Amino acid sequence: MEATFEQEPLLNPKKTLTDVNIDVCKPMERLPSRSWFVCFAIAASLTVFGLCLFVHQLRTGMGVWGLNNPVGWGIDITNFVFWIGIGHAGTLISAILFLFRQKWRTSINRSAEAMTIFAVMTAGLFPIIHLGRNWLFFWLLPFPNTRGSLWVNFRSPLLWDVFAVSTYFTISLVFWYLGLIPDFASIRDKAKHKVRKLVYGVLALGWQGKQSHWNHYEIAYLILAGLSTPLVLSVHSIVSFDFATSVLPGWHTTIFPPYFVAGAIFSGFAMVVTLLVIVRKVFQLEDYITMVHLENMNKIILATGLMVGYAYGSEFFTAWYSGNIYEMFTFKNRALGPYAWAYWTMITSNVIVPQLFWFRRFRRSIPVMFVISLIVNIGMWFERFTIIVTSLHRDFLPSSWDMYIPRWVDWGYTLFSFGFFFTFFLLFCRFFPTIAMSEVKSTMHVGRKTPETEEFVF
Amino acid sequence: MGHGQRHYRSVKEIPPVPKYALSLPMRLFYLGLVLVGLVTFLGALKIDPNRAWHSYLLNYFYWMSLGVSGVFFVALQYITTSVWSTPIRRVADSFLGFLPVAFVLMLVLFLGVSHLYEWTHPAEVLHDSILKGKSSYLNMPFFVIRNIVFYAIWFGAAILLLKNSLAQDKNGDPRFTLKNRKIAAPFIVLFALSFTMASFDFLMSLEPHWFSTIFGVYTFAGLFYSSMAMMILFVIALRRNGVLAHVVNENHLHDLGKLMFAFCVFWAYIAFSQYMLIWYGNLPEETGFMIRRTEGAWVPISLALLFGKFVIPFFLLISRPAKRNENYLIFIAVWVLAMQWLDCYWIVYPVLNDKPVFGWQEMGMFAGFLGLFVLSVTWVMQRIPLVPMKDPRLLEGVNHHQ
């Protein structure tokens, strides 16, 4: 094979600027298909089921969970950390990849950001569900009050979480909305129905596509990208502090912040791959979300998977190196104890399986990447489960050891979290453009030779 | 497009790149520095061998990191299929010249381990159950062997990457780029493991009871941060003496500056994570390390590190013009390199003394290592074309704009 260096076009080169608007808006302008309704019905029922569970929990008490005395955190916090992790790919794609001039981000950033927002919303429910007195959730916020002026504990990382996650959610939402403005205007201009025109017109905030509008837009986008970049790291770092500031073996270790961030990006990208493989097929967007995008995401999955593997190795080695018998016991217990099945699920799915992405053939195979992305998500769920449960169930005193066996409520809430997430995601697919039309247009020339020079455009 | 930046329509339009030569006076100057270093080391060994070896270790680790950072940077450019860095990549390639020198320096360091590492004293290990437990890792033969293997990995990859790139200079075959990409990817994995272990070996085991899982990431953050500073100094010097004048513009400097800024923040993030978690947990086996450095006479050094390595460069680098102005960048790069030295000092010296000491021993040996580094790197630079003229990505790289 002759090796060349022509940059592979990001989009199908036959597509024109008009095609972008037509193709991306198409799913929003027709009635949903039957399969959409089926999916939505399932997701919405799971959401309602979750509400019923919550009522059940309110009436009966926290005892409906399978939690017990040493294992006070179980699947509730597993789900919290899992969904927060999922929410990391979106802002990484929209902020960090933007600063790194990765133009391929344009086709995937819209749905990845949407996924981020819904994932953070899902995650945010779990600490509230997990509270003993859920109706007092607003006590998490520091505000002047009449409870003898009782303030939150600023020294607790759990409180830092409240700030970190809410900041992340706010900035992600603003960032997402900013990117949507020009696209809302396009939909408004295409709209035939009066109500549709009005709704999208209001959402577009009077966007006219003037030079000055674009100037402000670009500057605001760059500033938000700069502001969100540290947030990508801070949120999961602070989530990791929830564990690492304690003195529990297996939780207290210095590598936790970057390790959690790498894991979050890893699982976030896996979820983007899972979703986009479906979205591009169902909405016939294969010309816009091409093999280039999917392959690049798979490369990121491989890279972050290796970082996660590095952290597992570093932890295990240091547990031995430290000479601390409790630390070593925890790690032995993870690998060989009663939860070894969870540990080895995690190792297999997160460290071993993604190695297939070393091969270009697998990086570019839709079935392979779809399966791997699902496996990675399962693996990352079990990573959080392993960290939380194995460290808690056997601590310093053997007399207080116990097993955590999730009950139907625990699993029910997990199902609910997927239902809740997909309810929003499915609505998003119907009402919002799944691809950033205005941004994709700026990458249409990528990989085509400019006529007057020998240069390629990257 | 920056002002005065020329846009080339084809590679043929780029003026020929002159050969680089280190002038005789400069060569003598750096040779002089090497001599100063040698004399200082011998003198210091006579007066206070412990201090001499600690100063040696500090400088060894500092310069070894910079030496190996070159091949890491090159490999990173290949796997990210980077375009902008094509005209400056050979500068990073040239850092490999220091690796054989560093290897010899490491062999010399092996002679002084008993002055540095508690775990090399069998009598002490026997009475210490924790050290006894680690002795299957912390023992001299394994220590020597693995670190020799690390050099084989680093130098081997550096040579292979450069060789393929030089072969490409003859015929412009893109296959060499693909080959290098295949070398670069596994190298990065091996680099992460080897550099982590080297950091554990040379620095973390100075206090053999202490451990921190993030330590390898911490030293890596310092490596890349200081590497960008060193790259900036070399690129600006080569631009000024005409070698890179027509192929490097301020956008390249801007990108190097951005990376330096990013790693300024990344270092702070990693340093904070390590400090905060150890401070918060306050476990006796971990916290001793931080107490030694944040109490008494070491407070000013720790604060200097916080402000000097993070706060001040952060604000100095945040604006766009700052990253595009040569003189300003030179100032910050020198500052950052000084702070990287202070960071290594902060890790090594509290083991030697409960008060910070600084004198001719530290200055002289730094000068010696500096001389060796510049001489070995420029030795390579004089022997290779400093711009890969037939790299398939060169034209876009030279025309790089924001």
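Residue numbers begin at 1 in each chain, while the letters A, B, ... track the order of the sequences. Here the structure is a predicted model, which means the values were calculated and not measured.
Residue A/Tyr259 does not touch chain B at all, counting heavy-atom pairs closer than 4.5 Å. Contacts between A/Leu233 and chain B at a heavy-atom distance below 4.5 Å involve backbone atoms as well as side-chain atoms. In this structure, chain B has a heavy atom under 4.5 Å from the side chain of A/Tyr310, while its backbone stays farther away. Neither the backbone nor the side chain of A/Asn296 comes within contact range of chain B; no heavy atoms are under 4.5 Å apart.
Between chain B and the residues A/Ala303, A/Ala244, A/Ser322, A/Pro230, the most heavy-atom pairs under 4.5 angstrom are made by A/Ser322. By number of non-hydrogen pairs under 4.5 angstrom with chain B, the leading residue of A/Thr318, A/Ile255, A/Leu306, A/Thr229 is A/Ile255. The candidate from B/Ile278, B/Thr196, B/Thr80 with the greatest count of non-hydrogen atom pairs under 4.5 Å with chain A is B/Thr196.
Residues B/Ser82 and B/Gln77 bring a donor and an acceptor atom of their side chains to less than 3.5 Å of each other.
Applying the side-chain hydrogen bond (donor to acceptor under 3.5 Å, both in side chains) test to pairs two or more places apart or on separate chains, those with a residue in residues 261-276 of chain B are A/Ser237-B/Tyr269, B/Ser212-B/Gln274, B/Trp267-B/Asp343.
For the pair A/Arg334 and A/Phe331, the cation-pi test (distance below 6.0 Å, angle within 45°) is passed. For the pair B/Arg293 and B/Phe289, the cation sits on the ring face: its NZ or CZ lies under 6.0 Å from the ring centre, inside 45° of the axis.
Scanning residues 129-139 of chain B against chain A with a 4.5 Å heavy-atom cutoff picks out B/Ile130, B/Gly133, B/Lys134, B/Ser136, B/Tyr137, B/Leu138, ordered by number.
The aromatic ring centroids of B/Phe143 and B/Phe202 lie less than 6.0 Å from each other.
When atom types are taken as modelled, the side chain of A/Ser228 and the backbone of A/Leu224 share a donor-acceptor pair closer than 3.5 angstrom.
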